[in-house]
Colleague: 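Sharing a structure, written as structure tokens. Questions coming.
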Amino acid sequence: MRVRIAPSPTGDPHVGTAYIGLINFLYAQQHGGKFVLRIEDTDRARFVATSEQMIFDALRWLGLEWDEGPDVGGPFGPYRQSERAEIYREHAEMLLENSTAYRCFCTPEELEAARRQQIAAKLPPRYPGTCRNLSAAEIEAKLAAGVPYTIRMKVPAEGSTSFRDELRGAITFEHRNVDDQVLMKSDGFPTYHLANVVDDHLMQISDVIRAEEWISSTPKHVLLYKFFGWDAPRFWHMPLLRNVDKSKISKRKNPVSLVYYRQAGFLPEAMLNFLGLMGGGMPAEINNATEKFTLAEMLEHFDIKNIRLGGPVFDLTKLRWLNGEYLRAMTPEQFYAALRSTVLSDATLSRIAALVQTRVETLGEFGNLTHFFFADDVMPAPEVFLPKKRTLEETLDFAGEQLAVLEATEWTHAALEPALKQLGDSKGWSVKENFMLLRAIVTGSTMSPPLIESMIVFGKARTLDRMRRFLEAQKRK
RNA sequence: GGCGCCAUGGUGUAACUGGUUAACACGCCGCCCUCUCAAGGCGGAGAGUUCGGGUUCGAUCCCCGAUGGCGCUACCA
């Protein structure tokens, strides 16, 4: 048995990745198989350079070690899709040769126009098929003229494709509902669909355990296996983690960054345990008796076939309770050690100390200026955060802009300061108003150590979370 | 809109291959303990299993339909 997780390095490592990672890890271990980590970095527009390392760190923090991957190597490498460009190109060529794919010379504008028309006519937006049957001469002419093109798969016009989902049984899609998916983008990179199928085959993946959002594209994948003449793996689609309002879990409504959970002082054992509760999977006698179990116990008792398919709400309240249980179960020494290795680490404390040294007259005042680093419920009152000449509405709008800018900015002084100032300039907010608002949100006060340095020490994940909570709380009022 | 998946208290789950007063945990409320707050102990409210049909002596469980939720519907994954 060989399984894999294939996260995209587009930002912070996601709880959904941890969930799918856990299930794959358990499955591999239980079957004496291999657990592969593959980095799907084919989307250069959303690529974030620091993301890959954060994914490694987060997975290791949870104890989900992989047998093969970009950093540990393995017999089926490379494990980073950007390093496999040639492989995808060759395979796309194979499909072109056996006429199960074709070059598409349509421009994004043409496609967009066609899509708009179809939607206006209340038709499902589909590729109109313009380039599906170009003559060899037409293709030659376009190629000679250097017209950029994509490669699309040629989904049969008639019939249907069925596959078995191991958790749900047979699922069928009529071909007329399956679009001619782009396989190779005009920039020469493959799309997920091609890269995924090619890699899963080449890496001899036996079981694809992924999130439910992929069900709709599975017929495309099954068709691709067929086009290549390969056997498809088994498919297991896990339920999607949800926000409290039941929508697919998202950072707007819920912290999703594993970096946040780690920095906010959640324990990996608690996170793993909580994830193991999602969708069930543990036998009733354990689930009913305690709901508390370790990775080792999951390895022994978890059964993927027990997974319930309703999308479970990722309930922070229960996670917090569980985390508290683990904290309380520690010896005082262990608890103190946990504190010292996280929120009260020497590294953090010394950085904070450096920020306040010139601002205190006695050591006893240390806490006055720094409590916001250690508190979890910072929430400024309107008289603190609202600038004199601004309305509540424009202030909250601007705070939302700040959040967006911060989110997209590298977490260094050199990047943050100009980014914030540029935002202020473009929106007509003075530097003072701009920074004061942010200071109030992040520190809860109009007086604090240097703001940007403080945010850097506090961390991106936690700073953004604090801002989202602030906005959420104000919105509710 | 089209296609697909799903459906047990507010939330996470349980209920063997149809037979239980539908169970446990979180959360909530109350009481006890207690200098406070937690933790802990005890108790309570809260679902008749989305709805409607069907099969059956009997359906949370099987079938059909409806409704609702969610996902997909990109040169993102």
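When reading the values below, keep in mind they use all heavy atoms of this one structure, side chains included, and skip hydrogens, waters and symmetry mates.
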Colleague: Considering every strand and a 4.0 Å limit on heavy-atom distances, what is the contact class for A:P108: base, sugar-phosphate, or nothing?
Modeller: base

Colleague: Categorize A:E325 for me: base, sugar-phosphate, or nothing, with a 4.0 angstrom heavy-atom threshold over every strand shown.
Modeller: sugar-phosphate

Colleague: Suppose you measure atom C1' in B:U67 against the same atom in B:G53; what distance do you get, rounded to whole Å?
Modeller: 14 Å

Colleague: In the strands shown, is B:C75 matched to any nucleotide by a Watson-Crick or G-U wobble pair with both distances under 3.5 Å, and which?
Modeller: none

Colleague: Side chain of A:W214 only, please: which of B:G4, B:A77, B:C26 is the nearest?
Modeller: B:A77

Colleague: Classify A:T10 by what it touches in the nucleic acid, base, sugar-phosphate, or nothing, heavy-atom distance under 4.0 Å.
Modeller: nothing

Colleague: Would you check if the distance from the ring center of A:Y27 to the ring center of A:H31 is below 6.0 Å?
Modeller: yes

Colleague: Taking the P atom of each, how far is B:C63 from B:C76, in whole Å?
Modeller: 40 Å

Colleague: Ignoring the backbone of A:V313, work out which of B:U11, B:A14, B:G4 is nearest its side chain.
Modeller: B:U11

Colleague: Which part of the nucleic acid, if any, lies within contact of A:R126, taking any heavy atom under 4.0 Å across all strands shown: a base, the sugar-phosphate backbone alone, or nothing?
Modeller: nothing

Colleague: Could you tell me whether the side chain of A:H91 reaches within less than 4.5 Å of the side chain of A:F228, counting heavy atoms only?
Modeller: yes

Colleague: For A:G16, does its backbone N or O pair with a side-chain atom of A:H14 as donor and acceptor, under 3.5 Å?
Modeller: yes

Colleague: Measure from the side-chain heavy atoms of A:P125 and tell me the nearest of B:C75, B:C70, B:U73.
Modeller: B:U73

Colleague: Measuring only the P atom in each nucleotide, how far is B:U49 from B:C62? A whole number of Å is fine.
Modeller: 15 Å

Colleague: Specify the separation, in whole Å, of atom CG of A:L322 and atom C1' of B:G12.
Modeller: 10 Å

Colleague: With a cut-off of less than 4.0 Å, is there a side-chain N or O of A:T290 near OP1 or OP2 of B:A25?
Modeller: no

Colleague: Considering only side-chain heavy atoms of A:V182, which listed nucleotide, B:C76, B:G12, B:C75, is closest?
Modeller: B:C75

Colleague: Between B:C26, B:G12, B:A77, which nucleotide has the shortest distance from any of its atoms to the side chain of A:Y192?
Modeller: B:A77

Colleague: Can you tell me if A:K220 touches the phosphate of B:C72, counting only side-chain N or O atoms and a distance under 4.0 Å to OP1 or OP2?
Modeller: no

Colleague: At under 4.0 Å, does any side-chain N or O of A:R115 touch on OP1 or OP2 of B:C75?
Modeller: yes

Colleague: Angle class for the A:F374/A:F366 ring planes (parallel below 30°, perpendicular above 60°, tilted otherwise)?
Modeller: tilted

Colleague: For the P atoms, the ones on B:G41 and on B:G27, what distance do you get once it is rounded to whole angstrom?
Modeller: 12 Å

Colleague: Between A:F163 (CZ) and B:G4 (P), how many Å, whole number?
Modeller: 11 Å

Colleague: Who does B:G68 pair with, Watson-Crick or G-U, both distances under 3.5 Å?
Modeller: B:C6

Colleague: Pairing check on B:U11: which nucleotide meets the Watson-Crick or G-U wobble criteria with it, both distances under 3.5 Å?
Modeller: B:A25

Colleague: Base, sugar-phosphate, or nothing for A:R320, non-hydrogen atoms under 4.0 angstrom?
Modeller: nothing

Colleague: The side chain of A:K248 is closest to which nucleotide in this list: B:G4, B:C72, B:C24?
Modeller: B:C72

Colleague: Any strand counts, and the cut-off is 3.5 Å on both contacts for Watson-Crick or G-U wobble. Which nucleotide pairs with B:G40?
Modeller: B:C32

Colleague: Counting only Watson-Crick pairs (N1-N3 plus N6-O4 or O6-N4) and G-U wobbles (N1-O2, O6-N3), all under 3.5 Å, who is the partner of B:C61?
Modeller: none

Colleague: Choosing from B:G4, B:A77, B:G12, which nucleotide comes nearest the side chain of A:R46?
Modeller: B:A77

Colleague: Taking the nucleotide of RNA chain B with the nearest heavy atom to each, does A:R152 or A:D315 sit closer to the 5' end?
Modeller: A:D315

Colleague: Taking the minimum atom-to-atom distance to the side chain of A:K318, which one of B:A77, B:G12, B:G1 wins?
Modeller: B:G12

Colleague: What nucleic acid atoms does A:S247 come within less than 4.0 Å of, heavy atoms only: base, sugar-phosphate, or nothing?
Modeller: sugar-phosphate

Colleague: Any N or O donor-acceptor pair linking the side chain of A:S216 to the base of B:G71 at under 3.5 Å?
Modeller: yes

Colleague: When the C1' atoms of B:G44 and B:C35 are compared, how many Å lie between them, rounded to an integer?
Modeller: 29 Å

Colleague: Do A:W66 and A:F56 have ring centroids that are under 6.0 Å from one another?
Modeller: yes

Colleague: What does A:T150 touch in the nucleic acid at a heavy-atom separation under 4.0 angstrom: a base, only the sugar-phosphate, or nothing?
Modeller: base

Colleague: If we only count heavy atoms from C-beta on, is the A:L272 to A:M298 side-chain gap below 4.5 Å?
Modeller: yes

Colleague: For nucleotides B:A7 and B:U50, find the distance between their C1' atoms and express it as a whole number of Å.
Modeller: 7 Å

Colleague: Using a strict threshold of under 4.0 Å (side-chain N to carboxylate O), is an ion pair present between A:D180 and A:K154?
Modeller: no

Colleague: Rounded to whole angstrom, note down the P distance from B:A47 over to B:G10.
Modeller: 8 Å

Colleague: Which nucleotide in the list B:C5, B:G12, B:G40 gets nearest to the side chain of A:I171?
Modeller: B:C5

Colleague: Quick one: label A:M278 by what it contacts on the DNA or RNA (base, sugar-phosphate, nothing), any heavy atom closer than 4.0 Å.
Modeller: sugar-phosphate

Colleague: Answer syn or anti for B:G53, where the cut-off is 90° from 0 on the glycosidic torsion.
Modeller: anti

Colleague: Let me spell it out: for each of A:H193 and A:G281, pick the nucleotide of RNA chain B with the closest heavy atom. Which residue's pick is nearer the 5' end?
Modeller: A:G281

Colleague: Give a yes/no answer on whether the side chain of A:K185 brings an N or O atom under 4.0 Å of OP1 or OP2 in B:A74.
Modeller: no

Colleague: What contact category does A:F173 fall into here, base, sugar-phosphate, or nothing, at under 4.0 angstrom with non-hydrogen atoms?
Modeller: sugar-phosphate

Colleague: Please confirm whether the ring centroid of A:Y192 lies under 6.0 Å from the ring centroid of A:H221.
Modeller: yes

Colleague: Rounding to a whole Å, what distance do you find between A:M238:CE and B:C6:C1'?
Modeller: 14 Å

Colleague: Which nucleotide sits closest to the side chain of A:E291: B:C3, B:C5, B:G12?
Modeller: B:G12

Colleague: Please state whether the phosphate of B:G71, meaning OP1 or OP2, lies under 4.0 angstrom from any side-chain nitrogen or oxygen of A:K246.
Modeller: no

Colleague: Does any part of the side chain of A:E300, heavy atoms only, come nearer than 4.5 Å to the side chain of A:L295, both counted from C-beta?
Modeller: no

Colleague: Give none if B:U56 has no partner; otherwise give the nucleotide forming a Watson-Crick or G-U wobble pair with it, both distances under 3.5 Å.
Modeller: none

Colleague: What integer number of Å spans the P atoms of B:U21 and B:C64?
Modeller: 29 Å

